[in-house]
Peer 1: 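After the structure tokens below, expect a handful of questions from me.
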2 protein chains.
Amino acid sequence: MDELKERQKQVLQIIVNTYVKTVNPVGSRVIAKHYHDELSPATIRNEMHGLEERDYIAQPHISAGRVPTDKGYRYYVDHLMPEPKVAPHVAALVAREYRDRIDNLETLIERTSQILSSLSEQAGLVVFPTFEELVLKHVEITSLGGRQLLVVWISDKGWVQSQVIDLEETIPAGELARISRFLNQELAGMVLEQIQPYLAAQLKQAQDSLHTLCRMAQTIVCESFPKMKPRRMAIEGSRYVLDQPEFQDWEKSRRLFKVLETKDKLSNLVCGDSERAGVQVQIGIEHHCEEIWDCSVVAAQYQINQRTVGAVGVLGPRRMQYERVVSLVDYVSRRFSEVLEQWV
Amino acid sequence: MDELKERQKQVLQIIVNTYVKTVNPVGSRVIAKHYHDELSPATIRNEMHGLEERDYIAQPHISAGRVPTDKGYRYYVDHLMPEPKVAPHVAALVAREYRDRIDNLETLIERTSQILSSLSEQAGLVVFPTFEELVLKHVEITSLGGRQLLVVWISDKGWVQSQVIDLEETIPAGELARISRFLNQELAGMVLEQIQPYLAAQLKQAQDSLHTLCRMAQTIVCESFPKMKPRRMAIEGSRYVLDQPEFQDWEKSRRLFKVLETKDKLSNLVCGDSERAGVQVQIGIEHHCEEIWDCSVVAAQYQINQRTVGAVGVLGPRRMQYERVVSLVDYVSRRFSEVLEQWV
DNA sequence: ATTAGCACTCGATGGTCTTGAGCGCTAGAT
DNA sequence: ATCTAGCGCTCAAGACCATCGAGTGCTAAT
């Protein structure tokens with residue numbers, strides 16, 4: 001039932017391609033031209049009628065051409081679109097952006113978002129990694145003199161988080177060294193998010209000689225442990241979306257920018273089903289964010305050590321070149337994973 | 001000559017106030033009402049004529065009311081505006097935002113930008129501090145095993161920058177300790193930006209026993225030294241500007257967002273004359289950025305230890321409540337300086 | 001199954017008219 | 001010398017209307 005006849009598929013494909021290019025509703029005559037006058041507009045109209053009945057296309061108004069619906073785009077992406085393959089020059093451009101070593105995670109992420117944005121000519125999105133899932137490699141404690149300590153947490157993939165803390169009392173250097181040794185023995189190799197519960201449990205059953213040591217260690221860890229922040233994200237190139245003709249409408253652009261600034265909503269959207277791997281395309285209202293029902297989101301998760309820690313994506317008008325964008329997001333998410341992994 | 005008569009000043013003030021509130025060109029009748037029928041519209045029209053001749057106000061078209069020009073706003077800000085005083089509830093809101101300790105510079109800056117934006121209902125801008133002017137407190141070098149080192153640079157104000165580096169060869173722990181001691185002895189207390197030239201000079205004249213040590217130290221410093229990044233900035237709340245009626249025009253909003261995304265241009269604009277202290281108001285084309293000739297920028301620099309290291313500001317349509325915005329920017333820049341200073 | 005032909009719909013474009021806000025000017029009032 | 005009432009002028013915005021053209025749906029013929 002949901003199966004389309006061969007020619008209907010062709011017509012739908014032509015409509016999507018043409019509409020994406022021209023922004024104008026596509027009429028029967030234009031489609032007929034694709035058949036080099038082997039078919040008349042009237043025939044095409046019959047096919048279109050079928051497509052419209054089954055909700056793949058719609059008319060903005062009664063005497064206009066046809067425009068793909070969400071369902072139409074979905075069918076296009078699932079069945080009609082050519083296999084997304086990243087263009088060589090795009091790959092080259094991405095590679096070049098990643099070539100020179102970037103020294104800082106924030107910058108790396110911003111850069112990635114810019115790459116996505118400039119190559120797709122849409123808004124680029126990168127959700128910061130949750131480092132809670134990373135494995136602790138080393139914790140370094142240094143006295144800054146007085147009652148100040150510098151504590152540096154180093155995870156397996158070069159993710160470094162440092163924190164200066166104030167203590168109630170000074171700790172002798174010897175004690176500090178012991179604490180440091182103790183912490184590294186106990187905690188190295190653990191997944192970050194398990195550390196605090198584990199240490200709390202340890203402390204409970206330690207009523208013996210290690211007691212004071214444990215308390216101090218606990219204090220230091222509590223004060224300096226990297227906080228689980230609300231999921232940050234980097235958004236670049238939102239201006240590209242504003243350039244699209246459909247956003248000449250003031251109300252639409254206001255709604256869009258409202259969503260872009262409440263990043264929590266957006267990050268859920270980009271992260272999507274954490275189950276499914278690969279690129280996910282959410283067309284129009286499929287993403288359930290009403291304010292931007294006329295936008296699509298193409299996103300993919302990225303990994304460190306096979307663990308999914310975040311996602312990258314592109315947001316643009318529903319009328320987008322899905323093949324190009326999907327291939328780009330796919331490629332960038334892979335390269336970004338690699339860069340993160342080698343990033344020690 | 002540039003002196004306005006008392007009543008002209010009043011009229012200008014009424015025009016600015018009314019226009020800022022209503023967005024509509026202000027006619028003589030509306031102004032006359034402010035005088036409770038003690039003056040007729042015709043009289044006001046005469047005064048307006050004078051103001052228009054001297055370019056303080058203008059007519060969008062011949063049968064419309066008057067609108068302040070750049071010069072008009074400038075006169076208002078310099079002479080007519082009440083002394084900017086931060087409203088108590090605004091101060092309270094700002095204080096509350098800064099109350100809980102923020103553990104990370106990026107977040108602190110983002111937060112500050114959000115404060116500026118939400119309380120001014122315009123776009124908030126914060127230029128990241130240049131930490132090159134900060135003083136080195138301590139440099140910490142730790143072996144991560146193998147040929148990897150973790151180097152942490154700590155400045156006087158708790159500004160920490162860490163970097164993992166790869167070496168050509170392993171360095172014995174003893175050597176490393178010597179290098180560490182050497183670097184801290186030599187460099188502690190220096191302004192960051194002088195460190196690299198100084199070390200290079202030292203290396204040149206060291207042909208003695210310290211030679212190898214020096215070379216290694218040099219390598220470590222070069223690889224790990226915090227790079228002078230292009231000036232980053234945090235922009236929050238650009239959507240507020242889009243909400244302003246003057247930005248219903250698609251072209252205008254496109255131009256604005258183009259500027260907002262090329263942050264280098266903007267950061268120059270916000271930093272302004274590095275000479276002058278206090279809040280700076282740049283009205284319309286005064287900031288020499290043509291794309292946003294109809295926007296004003298209100299900015300103030302912030303300090304760490306009396307050293308100017310960055311700037312905060314607000315960007316919005318020229319038609320803005322200058323008094324409110326100036327007082328806000330002033331207040332936030334001071335509080336932000338304080339927070340940064342206490343931030344160890 | 002296809003197509004030519006025709007009637008129909010409706011947005012877009014552009015012209016005309018009316019309305020109302022607001023101005024400038026001048027002559028007379030204070 | 002200053003203010004004001006009154007009048008005529010200008011122009012933007014809105015309402016109304018006619019026209020045009022792209023595109024459709026339907027039907028009858030191929």
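Since the structure is predicted, the reported quantities are computational estimates derived from the model, not experimental observations. So that the names make sense, note that chain A is the first sequence line, chain B the second, and so on, each numbered from 1.
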Peer 1: Over all strands shown, is B:Glu38 touching base, sugar-phosphate only, or nothing at heavy-atom distances under 4.0 angstrom?
Peer 2: sugar-phosphate

Peer 1: Which nucleotide in the set D:dG25, D:dT4, C:dG24 lies at the smallest distance from any side-chain heavy atom of B:Leu39?
Peer 2: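 Output: D:dT4.
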
Peer 1: Grab the CZ-C1' distance between A:Arg45 and C:dC8 for me, whole Å please.
Peer 2: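 Those two atoms, CZ and C1', are 12 Å apart.
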
Peer 1: Does a side-chain N-to-carboxylate-O contact under 4.0 Å join A:Arg66 and A:Glu52?
Peer 2: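 Counted as a salt bridge, because a side-chain N and a carboxylate O are separated by less than 4.0 Å.
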
Peer 1: Between P on C:dA1 and CD on A:Glu6, what's the gap in Å once rounded to a whole number?
Peer 2: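 After rounding, the gap between these two atoms is 17 Å.
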
Peer 1: Can you identify which nucleotide, out of D:dC3, C:dT3, D:dG25, has its nearest atom closest to the A:Glu52 side chain?
Peer 2: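 Out of D:dC3, C:dT3, D:dG25, the nucleotide with an atom closest to A:Glu52's side chain is D:dG25.
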
Peer 1: Starting the side chain at C-beta, find the nucleotide from D:dC3, C:dT3, D:dA22 nearest to A:Ser63.
Peer 2: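 In terms of side-chain proximity for A:Ser63, the closest of D:dC3, C:dT3, D:dA22 is D:dA22.
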
Peer 1: Whole Å only: how far is the CD1 atom of B:Ile31 from the C1' atom of C:dG22?
Peer 2: 11 Å

Peer 1: Return the value, rounded to whole Å, for the distance between atom CG of A:Leu51 and atom P of D:dT24.
Peer 2: 13 Å

Peer 1: Among D:dC3, D:dT10, C:dG22, find the nucleotide with the atom closest to the side chain of B:Ile62.
Peer 2: D:dT10

Peer 1: If only side-chain N and O atoms of A:Arg29 are considered, is one of them under 4.0 Å from the OP1 or OP2 phosphate oxygen of D:dG21?
Peer 2: no

Peer 1: Between B:Glu323 and B:Lys85, does any NZ, NE, NH1 or NH2 come within less than 4.0 Å of an OD or OE carboxylate oxygen?
Peer 2: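 No.
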
Peer 1: Provide, to the nearest angstrom, the distance between the CD atom belonging to B:Glu53 and the C1' atom belonging to C:dC23.
Peer 2: 15 Å

Peer 1: Could you please name the option among C:dT2, D:dG6, C:dC10 that lies closest to any side-chain atom of A:His61?
Peer 2: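 For the A:His61 side chain, the nearest candidate turns out to be C:dC10.
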
Peer 1: Sort out for me which residue in B:Phe257, B:Tyr240, B:Phe247 forms a ring pair (Phe, Tyr, Trp, His ring centres under 6.0 Å) with A:Phe257.
Peer 2: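 One option only clears the test, and that one is B:Phe257.
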
Peer 1: Distance check: side-chain N/O of B:Thr43 vs OP1/OP2 of D:dC3, anything under 4.0 Å?
Peer 2: no

Peer 1: Is the phosphate of D:dT24 approached by A:Ser28 (side-chain N or O, under 4.0 Å from OP1 or OP2)?
Peer 2: yes

Peer 1: Would a line drawn from the ring center of B:Tyr322 to the ring center of B:Tyr76 be shorter than 6.0 Å?
Peer 2: no

Peer 1: Check each of A:Arg255, A:Arg254, A:Lys265 against A:Glu291 using the salt bridge (charged side-chain N to carboxylate O under 4.0 Å, His left out) test, and report the only one that passes.
Peer 2: A:Lys265

Peer 1: Hey, which sits more toward the 5' end of DNA chain D by its nearest nucleotide, A:Ala64 or B:Asn46?
Peer 2: B:Asn46

Peer 1: How many whole angstroms separate atom NE2 of A:His49 from atom P of C:dT3?
Peer 2: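 My rounded result for the distance is 18 Å.
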
Peer 1: Roughly, in whole Å, what's the span from CD1 in B:Ile57 to P in C:dC23?
Peer 2: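 Distance, rounded to whole Å: 9 Å.
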
Peer 1: Let me spell it out: for each of A:Pro41 and B:Gly27, pick the nucleotide of DNA chain C with the closest heavy atom. Which residue's pick is nearer the 5' end?
Peer 2: A:Pro41

Peer 1: Looking at the side chain of A:Arg66, which of C:dA4, D:dA22, D:dG25 is the nearest nucleotide?
Peer 2: D:dG25

Peer 1: Figure out the CD/C1' separation between A:Glu47 and D:dG25, and round it to whole Å.
Peer 2: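 A:Glu47 atom CD is separated from D:dG25 atom C1' by 15 Å.
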
Peer 1: Which of the following nucleotides, D:dT4, C:dT3, C:dG11, is nearest to the side chain of A:Ala42?
Peer 2: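 In terms of side-chain proximity for A:Ala42, the closest of D:dT4, C:dT3, C:dG11 is C:dT3.
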
